[in-house]
Colleague: 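Got a structure here, written out as structure tokens. Questions coming.
Numbered from 1 within each chain, the chains take letters A, B, ... in sequence-line order.
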There are 4 protein chains.
Amino acid sequence: MDGNKIIARSLAQQGVQYAFGIVGIPVIDLAMAFQLEGIKYIGFRNEQAACYAAQAIGYITRKPAVCLTVSGPGLLHVIGGMSNAQSNCWPVIVIGGSSDQAQERLGAFQECFQVESSRLHCKMSARPPNLSSIPRFVADAVKLSTYGRPGAVYLDFPGDLLNATVSEEDTDWIPSIPEPPSTMASPCQVAKAVKLILAAEKPLFIIGKGAAYAKAEDPIRNIVNQTNIPFLPTPMGKGVVSDLHRCCVGPARSLALQKADVVVLFGARLNWMLHFGRLPRFNPDVKVIQIDISPEEFHSSLPTAVALHGDLRTVSKQLEEELVKTGHVFKDSSLWWMSLKEKVCQNREVNQVSILHICILPFMKQSQRYTP
Amino acid sequence: MDGNKIIARSLAQQGVQYAFGIVGIPVIDLAMAFQLEGIKYIGFRNEQAACYAAQAIGYITRKPAVCLTVSGPGLLHVIGGMSNAQSNCWPVIVIGGSSDQAQERLGAFQECFQVESSRLHCKMSARPPNLSSIPRFVADAVKLSTYGRPGAVYLDFPGDLLNATVSEEDTDWIPSIPEPPSTMASPCQVAKAVKLILAAEKPLFIIGKGAAYAKAEDPIRNIVNQTNIPFLPTPMGKGVVSDLHRCCVGPARSLALQKADVVVLFGARLNWMLHFGRLPRFNPDVKVIQIDISPEEFHSSLPTAVALHGDLRTVSKQLEEELVKTGHVFKDSSLWWMSLKEKVCQNREVNQVSILHICILPFMKQSQRYTP
Amino acid sequence: MDGNKIIARSLAQQGVQYAFGIVGIPVIDLAMAFQLEGIKYIGFRNEQAACYAAQAIGYITRKPAVCLTVSGPGLLHVIGGMSNAQSNCWPVIVIGGSSDQAQERLGAFQECFQVESSRLHCKMSARPPNLSSIPRFVADAVKLSTYGRPGAVYLDFPGDLLNATVSEEDTDWIPSIPEPPSTMASPCQVAKAVKLILAAEKPLFIIGKGAAYAKAEDPIRNIVNQTNIPFLPTPMGKGVVSDLHRCCVGPARSLALQKADVVVLFGARLNWMLHFGRLPRFNPDVKVIQIDISPEEFHSSLPTAVALHGDLRTVSKQLEEELVKTGHVFKDSSLWWMSLKEKVCQNREVNQVSILHICILPFMKQSQRYTP
Amino acid sequence: MDGNKIIARSLAQQGVQYAFGIVGIPVIDLAMAFQLEGIKYIGFRNEQAACYAAQAIGYITRKPAVCLTVSGPGLLHVIGGMSNAQSNCWPVIVIGGSSDQAQERLGAFQECFQVESSRLHCKMSARPPNLSSIPRFVADAVKLSTYGRPGAVYLDFPGDLLNATVSEEDTDWIPSIPEPPSTMASPCQVAKAVKLILAAEKPLFIIGKGAAYAKAEDPIRNIVNQTNIPFLPTPMGKGVVSDLHRCCVGPARSLALQKADVVVLFGARLNWMLHFGRLPRFNPDVKVIQIDISPEEFHSSLPTAVALHGDLRTVSKQLEEELVKTGHVFKDSSLWWMSLKEKVCQNREVNQVSILHICILPFMKQSQRYTP
């Protein structure tokens, strides 16, 4: 078996189903080996776009897809994509062919420090030292990209390693890495969170991409349905609960953020997109309940009032269970709901007119221009 | 207030109590500011040793100590220490003075890329952009060094930042970062672990430094006392349960590792120190139950049979509770215990003779040589 | 004056004439400032292509052009271009906007370690610490990109620095950095080279992109005309002497490389493109005379017989002067010339047929297909 | 032959004579191999000091010495030394043993990213891919550390590479890399420098470590003797011309720097040690003639009036030749010499008294204290 086959089989054994990329020296045979092992290979015109596509698969399916590149510029063109996956906490495995080890420091074709170039933008960046360790490195790549906070992984394969051969028995095959183990917040922290939610006059849920990635739709929908508390999705958190749900206050986003006294972050970060949770866009006395897989994310811009460390789905279920027990329903007749609804109505009207004028009418005119 | 005072006060507010280092340009006043804020400063002769000392405090107290260095060689002499803290998962905060920003790229005194030089060996490496952000960076340093898997943090302070001043009100003081939130394994994984332990014919507990760091002595001692299962401490895991405990099989280490059919890792890694959990030092059919704060640690050298993701103390308590319920006691009369005890006795004898011949007698002779 | 104006004026003062890029946060005003200072700004659709365009200008004009990018992905999309410029020894200055320093580590819009990300792919990667030092950093960028072996430079400008203001007098303007100083090989090394050339039975000149960059056309053409020695251009060295010159043996490339006993490298490297100067593509006893601006380039794949360290134009002139003194003419009637000419004729014929069949005929057919 | 022998023999063939370090896993046999090949090995107590010692040899002999370390902390303890060699432009080759490649990412003994950790502090940081390429990497290390601007090189050898074997014939032995080729400034720049020196009313020579490293004593002494122009040595430039020479104005350093109108830098940099060549320590109208091996060093803090790019010894000879032709002697009776001499006399007196009071008397008292 050559390196190409070992890589392809290891990926297939780990459940990887898609590869995106551009073939060339030295990875032509690798793309074919993917196909032979049942991995769907989608060819692109620029590595840049291939890497963004691969991470979308990772985000949607919780299984990393591969982005395959040639050496030198091929790999360097996906640094932006790796960094994006890393920032967005999306799994992706970049596989780069690289020049033959025997030609190192001689000015080989597209010779480049690929492992080092990727280091800053990945959870793991490595070149397997030999053929028999490839399945272990592939398993590690799948694990690192999906366990804890998901992210990007880079694996580097010099041409001479891809083309070397070893007998199948000398290869250390690794069983499929299971889904990440679930982890829960401590019950007393959950109790503290419930108490804070019950006492809130202006509660708000913010549903982020961490909730979407964790497939936490069921418990979060149940929580919203049960408590009738208003929620906002972040752009990537849309769809966990429908934008058309009666509790969605997207059209009153600014008001909701500015006045809420207790905010529950379901896998959302208080970064630029949420104005850092700070004045003038947030209430300076807001109390933040935060659920996150990454403990380092707590207390990032504001002190976290209640830090619930665990995976989004499991902790949301814990929260659901405790909230259901209380039978708490946040009244439609509360001042908070009344002011939010008024704003929602106002903004819906404005928006519908705007959409007509800004988006649809010009497009209709433009279409006319291009239509025979 | 100048930069020195803001740094010192921020550290004190975050509960930092010790600083180790060497003073010189530009951090002389910073060491004095530490003392004025009640942080104990211990001067060293070489930065290298100061950094190792600082991380020992972090390991023992769960609060990072500071290692203080001058610019250039001062900081570079602690790269080894930072990397050691990072590898050992011990909290430490390195603070390096650096040359004035205004002289950058002019060949300033001991000018050096300090933030970049530290990057590979830290969880966080940063230079605060201005005085008012210092408390935030210090809070982040304390958080990053202790939350999740603990490790090293580097903070860089150019001389001109240390000596600049700002009014106290313009500084964004940050409340003390609490202890990391506790996190638990899922009950069904715990149940699976208990079932495996109960079914084991040759069970073995391995107690690592993660257990020591997490102060998990109580639940682990209870588990050992309850179940009568043999245990091995790693070198840094010693003392969680006494080496003199009847269940300690340290003197039969090789046999215990080689024959165990179920191993529970309490905050220990299957690295070189545990022979990677592999042949010829481990049973190839061994089943590994692993408790770890870092999910990326599971499945590292072997597939983990049961992955219990959470902090060591909390998960050990979960395990204790479930094991106590079963009333399980592993019998002294089992073949496993009998073979272990026999080996322990044999090796104790050999060791006592060896210690006499290798350590004590030569030393007595040598002492005689040097004694008048 | 704000940061934008200082950057633009500094670049203009240093003779920079072109900028390529994509505008967006935070560099919109910077592109406008370029135009106000007379720097031609060319907008692109992808930063990747902009960077390749910018370095082409640098190669052709010996003055770096600017590649302008937004933060995060903007900059990361040009890592490939920077690395290409660095590998090809072409001057280029990448200017990246970056997120506000005050928002560092808070999850700012497209926050990214830009200076560190560029480090491996540049001669200089830096963020000016304040407005008044900008002209010094720009002058340094121009100097580093063009002095010694040319290459890429990265300058990083956070949004708050771009928008800050300072009075014109407080800015340390820097006079225009002159062309790199010329440097010469030692006369005794030149004499040694001449002696070797005169004694050669199968001499060959290889003209590389270093000769083209150095504008060494005059001395090299004179040397070729005077000595009648066969030459080969590398792909980027084409045009220094015309491919139509009687001494060009491009069509007999393989033979020329394989049999030459003395090779003079005019700014060419023995990398993959020249088969590392090794068997089976080179004569194992070949003696290499190498002219290079970078002393680290000598002895790279083979021991260099005569190392002429200096700039290509100056050293070529030294060589011209000494060769003219000898009056040496390598005879057309030599065995070397006769075998080369025969091969040139053979290959020309084959090629013309091939070009017809491979390139032109199919294209004609294809054109027909698309023509109504 | 095993890896140890190939490394040792390659170093010996390249003229390396000394190695400093600490042995341990995996480099015990390597130190022995050094000794068998005639390389003198000096054992140290801390790698830190070993690296500083090794670079001193490089500075004095122009041939790099080796600093030998074990993996992990061993290598990291010399990062400071590498960076110092790099900053001071001194040749040194650090050789680090590293953990077995087959155990990579498994938590091998002292496993560490050694090549990457060294990257920022070296001219070259690499791990040879196989045994047969070792001589090439060693030759490259010697070349890189001494050619152009000298500096540090790091070579990484995993234990399994050190212990692997290959037949002697399969190893690509490399002939000894010669001394760096000499390179000269252009005659018209030299003429411009001479003209400026002749026209100076307050000329000053500054002799730096570049002159000492280049063994430029003869031409510089001749220039000083011929022209009678006052000179200052930098700390590392001492001894190129004796401090006791009549033209040495060390005791009037401040005055000399502050009033000079033309300064010639012989291998000295306008960094912090020379106050960046700026106000208030330098005359703002000073004209700087600079001789340097590194073209990137010109125009660094001030615009260079005449940039003489070449090696110090060769360019100093060019300057000597041209200055001798002019017969120029800078008169003792000039105002410049008179004011300098007066200052020298004043400061000598003050210093002798100070030395007595600050250094000698207290030491005598202290000695008394410790003497029985």
Colleague: I'd like to know whether NZ of B/K287 has more than 12 heavy-atom contacts from other residues, nucleotides or ligands below 6.0 angstrom.
Modeller: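 No.
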Colleague: To the closest 0.5 Å, what do you measure between CZ (D/R105) and CG (B/N271)?
Modeller: 13.5 Å
Colleague: Is the count of non-hydrogen atoms from other residues, nucleotides or ligands lying under 6.0 Å from B/I25 atom CD1 greater than 12?
Modeller: no
Colleague: Measuring from B/W272:CH2 to D/E111:CD, what's the distance to the nearest 0.5 Å?
Modeller: 12.5 Å
Colleague: Is B/F276 in contact with chain D via its backbone, its side chain, both, or neither, using a 4.5 Å heavy-atom distance?
Modeller: side chain
Colleague: How long is the straight-line distance from CD of D/E47 back to CD of B/Q48, given to the nearest 0.5 Å?
Modeller: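 Atom-to-atom, B/Q48:CD and D/E47:CD are 7.0 Å apart.
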Colleague: With a 4.5 Å heavy-atom cut-off (strictly below), which parts of residues 68-83 of chain D touch chain B? List them by number.
Modeller: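 Residues in range: D/P73, D/L76, D/H77, D/I79, D/G80, D/S83.
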Colleague: Among D/N84, D/N46, D/L106, which residue has the highest count of heavy-atom pairs closer than 4.5 Å to chain B?
Modeller: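 When all of D/N84, D/N46, D/L106 are compared, D/L106 has the most.
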Colleague: How would you list, in number order, the residues of residues 296-307 of chain B that have a heavy atom less than 4.5 Å from chain D?
Modeller: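 Residues B/S300, B/S301 are the ones that qualify, each having a heavy atom under 4.5 Å from chain D.
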Colleague: Measuring heavy-atom distances to chain B, does D/L274 have an atom under 4.5 Å in its side chain, in its backbone, in both, or in neither?
Modeller: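 No part of D/L274 comes within 4.5 Å of chain B.
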